[in-house]
Amino acid sequence: AIGLSACGGGEETASSGASGGGDASGVKIAAIFSGPVNDADYNALGLKALEAAKAKGAETSYSEKVAVPDVEARLTEAVGDGATIVWTHGSQFYDNTAKVAADNPDVTFIAEYDGTPKDQPANVWTIDRQFHLGFYGMGVLASKLSKTGTVGYVGGLSLPFSFAEVHAMEQAISDTGASTTIKPVWTGDFNDAAKAQQFTQQLLGQSADVIVGSLNQGATGTFQAFEGKAAGDGWVTAKYTDKSAAAGDHYAGSLEYDFVAPLAAILEKIAAGTKTGRYPLGFDTGVTIAMSDKVPAEARTAVEDAISKVKSGATTVKLDVTKIG
Amino acid sequence: MSAPDAAPGGAAPPLLRMRGIRKTFGPVVALKDVDFTVGPREVHGLLGGNGAGKTTLMNVLYGLYAPDAGTIEIDGAPVVIASPKDAIAAGVGMVHQTFLQVDVFTVAENVVLGTDTSGVDVNGRIRELSERFGLAVDPAARIGDLPVGVRQRVEILKALYRGAKILVLDEPTTNLTPQEVDALFGSMRAIVDEGMSVVLITHKIRETMAACDRMTIMRDGAWIATVDAADTSPEDLAARMVGAAPASDETADVALGGTEIGDATLDVPEVTGPVRVVGSRLTVPGTGGKAVVEDVSIELCEGEILGIAGVAGNGQVELAETLTGCRPAHGSLTLDGTELVGRPTEAWLRAGVVYVPEDRQRDGILPGADITENLVLGAHRTRAKAGLIDWGRARREAVEAISEFAVKTPSAATACGQLSGGNIQRVILARAFAHNPKMLLLHNPTRGLDIASTQFVYDRIRAAAAGGCSVIVISEDLDEVIALADRIRVAYSGRLVGDFARGHADPYELGRLMTGVSGAA
Amino acid sequence: MSTVTVAARPSVGERAKAAGVAAIPYILAVLVAFVVVAIIIALLGHDPAKAFRAVLTNSFRNRTGMVQTLHKWVPLTLLALAFAIPLGAGRFNIGGEGQMILGATGAVAMGILLSDLPTVVLLPLLIVAGVAAGALWAGISAWLMQQFKVNEILSTVLLNFVSFEILDYLASVVWSDPGAGGAVTTAIGAGGELPRIGKPPMHIGVILVALLAIAAAFYARRSVAGFELRAVGLNERAAKLHGIRTGKVAVMSMIVAGALAGLAGAIEVAGVHHRMLEGIQSNFLILGIIIGLIARGSLTAVPFVAFGIAVLEVGAGSMQRTSGAPVEMVLILEGLILLFLLMSDWVTDQLRLRASRKAAA
Amino acid sequence: MSDFITLTITAMVPFLFVAQGTMLSGRAGIFNVSQEGLMLLGAAIGYLVSLKWGGNLVGLLVAALAGAAFGAILGWATTYLRMDQFVVGLALFFLSGGTASLLYRVVIGADEPPRIRPLPDIVFGQDVLVFVAIGLSALLWWWLYRTDSGMRLRSVGENPKAADSLGINVTRTRMLAASLGGGLMAVGGAYLPMAFSGVYADGIVAGRGWLAIALAFFGGWRPQLILAGSLFFAAMDVLAQRAQVSGIGIPHQFVSMLPYVATLLVMIFAFRWALVPQFLGKNYDRESRITG
Ligand SMILES: Nc1ncnc2c1ncn2[C@@H]1O[C@H](COP(=O)(O)OP(=O)(O)OP(=O)(O)O)[C@@H](O)[C@H]1O
Ligand SMILES: Nc1ncnc2c1ncn2[C@@H]1O[C@H](COP(=O)(O)OP(=O)(O)OP(=O)(O)O)[C@@H](O)[C@H]1O
Ligand SMILES: [Mg+2]
Ligand SMILES: [Mg+2]
């Protein structure tokens, strides 16, 4: 798989780059993860970032499989244990993080969010995940790959960010002048692979030939649904990490995210005394569409074009959270 | 009286010899080094009061209880019986005091359960056995649907089917009508004639004398005596069972089962108080068109005891539940002029209708609750203040009730289910009388009770009637009905037939009504 | 029948001594479970001492830990009661989480739709709505059970799954918070929040539930309704013959259970989250069942057992961060503690048996 | 349409294994409630063994053995030690679920897990376990209702004292049924990675264990009706998915309620099926007089 990524400075963010030096010694980071860190998915990305910080001298600790109702307790414990920086990985934790942050002004918090929060406390950094940006590119890829003109979108819960993803794909299709239709479905669970497999199979049976997955550990189910189909007969994409090892011949690529650089950049800012800010994940700053070698050149170029237009500002991807279905 | 291990005929080894059997349940010593011997081809009676250890001894023989000490020999050879499987293999069969049957299985399935049926004509064998021993059953019937008498036969067939050499029958007659008892004893004879032996556990001395060749008497977990039927008398047996104190006349009367019906009671004046209970045209529809209680009308005066005789399974339970408001019915029943039909059970209770059901464990008590709580049951609403129960007072009253009704228990906080059957019945009666009943209905009130307990129950019933309570005694024990009732009616197939004043009941006529031979109403 | 003087029940001293003796095997059981888990943690290359310090001291080392524990104790106690009460009547309410979710739904609906009302109006309204919604949800199972003889385990399990969909719908469609990364509703009006006291603040739902637990225990022991409930559970037939409307008692027990679980949902909304969110039911159902069973259905014991489990849960949650022991060890530890707790009963029985044998011999 | 049938049958398989396992234990009186954990354990072991040590068949076998071991613990604790079946079941649910995650973590670490090969199809595009599951249902019916040993097993769940008095070893029967039942539950779990995902993940079971308990009640604890009930439930589930995929304008959350609501509705009209073994969940003590 080849990567398509660009480096360079983001908005008002810190100097980017995992390569960027910086000494993190003296800080005590506690991270909260929603799932197991060995999920080879969203939480693994978090652990990787945390370990990078550790490599630079930070003292780190983490809690995994933390459910939202429990996060406040984990946060206060982390603060009580003397953490100087607390990071909650996953935007479902934002509210609780902001709440605990307000009570603990001496500690700096890093939270994630989909958009720009109101009343962000002065000791909270946010990482804006901007999933719609990436899915704009995925929309281009999917519509280029589809022969039937029908693309399936398999999500977990029908959350606002998920609606934004579908709308961004629709925007991409209309921007490229294609007439592809998107059939969005929600399995009800980001990690239930069996449900994902069943939905994918149903979509494939209903004329969809490209499946864009927006799942966590459920993604493997979308791959499995292609089992037995001839190579080239349909495509599947994933989200968050490179899943080429688990996917088969139909893998077209993944919308990959990186938190190493964002975390490093934020830590640097914090070290410099900036205790609040917003770090948007963009094509320059942590987001990559990694495509498989098997993807036809035409589709690849179309995606690359779309991305560069987004980066240059020629295209603005609308954040549209209008409900679907 | 002979030594316990002396076999009739001398030389041949006894069929069964149990020696030095000891069994404890926690602090309770149930069997104190008991010796027990059964010869070949004999019906051996095992007698004793409640809690004497009869059932325990036989459960040890059957491998259900592991003895603390003792040995067992069968046909002169020592055997180790660690489970019923070993017992069956050694040729022991047992019919338990409470039937051990799988209700949802058929008769045939219950009989063959646990055996290898491959290549066996099960129904054929069952039919053959039931003919040979006079135990008629329908192999395809579902056990749960059958009356007690038939279930009893199935239990015996189960043992015979497994080729038992020794058949233990634990109080088999408590559930049976005189006719059925006769049939059972006939089957027992047939069994002995085929070379087997029968151990018959019973409280009823009359039965013992009629059916047994020899008997062993136990008391308080100890062997007392083994005697030949020819060498003893009912009075002698009763005295041994009850212990050192000689049996009172009355106790002996109960023990002997009122053989001479009516003679001593003719001089009791007929009850003529104001009418208290009037039931008319009570009907309970059943499934499949046939009513389970059909057009029953009764009338009782204050202080009157109405006896309802009948063969088990003729709608007595349904009738009892109808007459006490536990079962919705059509028709009318008034108590002191107040109509009760159509009102909830609680209203009947408040009006003074009290029910002592036949199945004590299942219907009478909360086995896991203590005696105090069981005494409160049913009165819990009437006695509560502001929805709260005064347990302090309830405990004090429980202690009084325990001593008044002579309940044998370590404390009022003992779980009721731990008590013996006789003591459970005392608790139930204590509760019943605490309600100040205006109408008291008892169903099989002395089933399984020993002589002393039975006498106690009779005394209480008579006392209640003397106090003005209208009493209905439904019993499958004809002797009991005759002994207690001022008037006797017969339950047959959901209806009440016949009506006899005290002393005018001809047992043969009653028997005919009970079996439906004569249709007089 | 010999008449012996009979005591109403064993003396207070005897009962206290019995309780003390009974406690020893329990303590041993917990110790053994910890030893086994310590061995596994050590084998995995982590420090068991550190792990256990987190588990056991987290709740007690400062006020924060205690407040967290008490906040956890609230839904645990309520859900344990919601299981134990129908169990008293011999019914298995496996629907606590659905009932709790519906309770949260009722509360959040009030809190959002009437968000501008003042506390004195909104808060009671919100609690009542939660309680009613929970009761209604359990009422469905009770009705199916009474009217159609549908097994309550079946119906409550299925209705849990229905409730997940309702929650999903409300939190991601109807009242969804567009900024939240999960299925979360918008916040309720400030008037719907339970007042908090102390520092760190504890919501007064804790006090409410403590009072409720005392009332429930008292009521179960002393009231006619409590007695009827017990009677139905001990012997439904006998209860019926003695004038108790068994069907009504069973139905009521389910509805009361639903109300309690619904209250748990309402308190989670009003006291903790101020909104409804995916996963609000946490694993309170299973823990509630376990608490109810360990307490052997005794409503008096429920709050105490619930506190123990809350300590364990809160402590176990921080075990990983402190010691690095994998989070699965928490589950394994809890499973083992349960197993050994029950095994201790067996040990006690054996000891008692041996003692009585000796006494009898 | 044939697509619908194929999907339904595949979706039925895990439910069928687990519900039959529940039924089998239950017919001997052991009420297992650790399905959710045993399925996770089966999934983890099935996946790991298939991946590392020799293919799906071995994976299934080892998973079955592990499930049987946990079933045997349940049997042992409730027969020999007479511990409360419900609590032990829930404790084992924690233990087996925790063990599953732990095993996966120890063996795979944080690497990206490779997918294992799916089970090969036999005919009609259905894999071998589909036929095993259906055949097993038939076999269980035959065993329980047409053989002596099946009758013995049923009698232990209906009236263990009666069974005991006829020389049937209640303890051994319960141990056997609990172990076999546990094994089936783990196989049901192991089917998930083999048919649906190719890998293990903690979220893979997603409540199916609890549903299987409901299905055991739904099928009146009888193998043939459990087969029918699981098929019905799976069909409703697939139908709900189809409705969402086709887009019928109803919020998908309501569509997803279909299988649960439909099952309840069927139960209302068919409650006469609803037999439950008399001694389900109750321990047996030979020398105690208070039974049940
Ligand atoms: N399962 C048991 N658990 C504890 N104690 C028991 C048990 N069964 C019997 N006992 C004890 O054994 C003694 C003898 O009881 P057993 O049932 O053998 O008497 P029985 O002679 O059969 O009386 P009955 O004529 O009333 O049936 C009882 O007094 C009781 O103390
Ligand atoms: N399960 C038990 N646990 C403890 N004690 C028991 C148990 N069963 C019986 N007992 C004791 O056994 C004594 C008598 O029991 P037993 O069963 O012989 O009663 P019973 O009078 O024979 O009743 P029935 O005639 O109805 O069988 C009681 O006083 C009771 O203390
Ligand atoms: Mg007896
Ligand atoms: Mg007895």
Side-chain angles (χ1 to χ4, degrees), chain A residues 35-41 43-44 47-48 51 64-65 152 154-158 181 183-206 208 215-225 227-228 241-248 323-325, chain D residues 1-4 6-8 10-11 13-14 43 101 104-121 125 191-208 234 237-253 255-256:
Chain A
V37 292
N38 61 342
D39 64 353
D41 198 75
N43 297 292
L47 183 66
K48 207 166 133 199
E51 282 178 342
E64 54 184 329
K65 293 193 190 176
V154 183
L157 295 173
S158 46
T181 29
K183 281 194 171 186
V185 294
W186 285 274
T187 67
D189 187 336
F190 289 106
N191 294 309
D192 186 340
K195 274 251 147 60
Q197 191 269 0
Q198 292 169 331
F199 272 105
T200 305
Q201 213 166 325
Q202 299 243 18
L203 284 165
L204 293 177
Q206 302 251 312
L215 296 164
N216 297 115
Q217 287 179 285
T220 49
T222 62
F223 307 150
Q224 189 86 357
E227 200 63 51
T241 55
D242 174 16
K243 292 192 160 59
S244 52
K323 283 148 198 161
I324 301 167
Chain D
M1 194 60 210
S2 78
D3 187 32
F4 178 80
T6 312
L7 278 166
T8 300
T10 317
V13 171
S101 304
Y104 178 78
R105 194 185 288 267
V106 169
V107 176
I108 298 290
D111 297 342
E112 198 200 341
R115 229 148 34 94
I116 52 172
R117 257 180 300 132
L119 292 161
D121 288 352
Y191 185 71
L192 296 173
M194 292 184 192
F196 295 109
S197 66
V199 298
Y200 168 83
D202 282 354
I204 197 168
V205 176
R208 288 180 181 80
D237 202 9
V238 172
L239 193 67
Q241 292 163 9
R242 162 105 5 145
Q244 202 197 136
V245 170
S246 311
I248 53 163
I250 300 174
H252 68 86
Q253 289 89 348
V255 179
S256 303

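Small disclaimer: the values here were computed from a predicted structure and weren't measured. Per chain, numbering begins at 1; letters A, B, ... match sequence-line order. The figures that follow rest on heavy atoms only: side chains count, while hydrogens, waters and symmetry mates do not.
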Most contacts with chain D, counted as non-hydrogen pairs under 4.5 angstrom, among [options]:
{"options": "A:A196, A:P36, A:S158, A:A225", "value": "A:S158"}
{"options": "A:T220, A:T187, A:N191", "value": "A:T220"}
{"options": "A:K183, A:K195, A:Q217, A:Q202", "value": "A:Q202"}

pair [X]-[Y]: side-chain heavy atoms closer than 4.5 Å:
{"X": "A:Q201", "Y": "D:T10", "result": "no"}
{"X": "A:W186", "Y": "D:Q253", "result": "no"}
{"X": "A:Q206", "Y": "D:D3", "result": "no"}

Subject >> A:D189 CG to D:S256 OG distance, which is reported to the nearest 0.5 Å >> reply: 11.5 Å

Distance-minimising heavy-atom pair for [X] and [Y]:
{"X": "A:Q224", "Y": "D:F196", "value": "CB-O, 3.1 Å"}
{"X": "A:A247", "Y": "D:R115", "value": "C-NH2, 4.0 Å"}
{"X": "D:Q244", "Y": "A:P184", "value": "OE1-O, 4.5 Å"}

Could you tell me which portion of [X] (side chain, backbone, both or neither) has an atom closer than 4.5 angstrom to a non-hydrogen atom of chain A?
{"X": "D:V205", "answer": "neither"}
{"X": "D:S246", "answer": "both"}
{"X": "D:P193", "answer": "backbone"}

Subject >> Residue A:A245 versus chain D: region with a heavy atom under 4.5 Å >> reply: both

Subject >> Part of A:Q198 lying under 4.5 Å from any heavy atom of chain D >> reply: both

Most heavy-atom pairs under 4.5 angstrom with chain A, which of [options]?
{"options": "D:A195, D:G203, D:S197", "result": "D:S197"}
{"options": "D:G207, D:G109, D:S101, D:G249", "result": "D:G109"}
{"options": "D:I108, D:D237, D:I248, D:I116", "result": "D:D237"}

Original post:
With sequence neighbours excluded, what pairs up with A:N43 under the side-chain contact (heavy atoms from CB on, under 4.5 Å) test?
Top reply: A:F33, A:S34, A:D39, A:H89

Original post:
Who are the side-chain contact (heavy atoms from CB on, under 4.5 Å) partners of A:T181, not counting sequence neighbours?
Top reply: A:T150

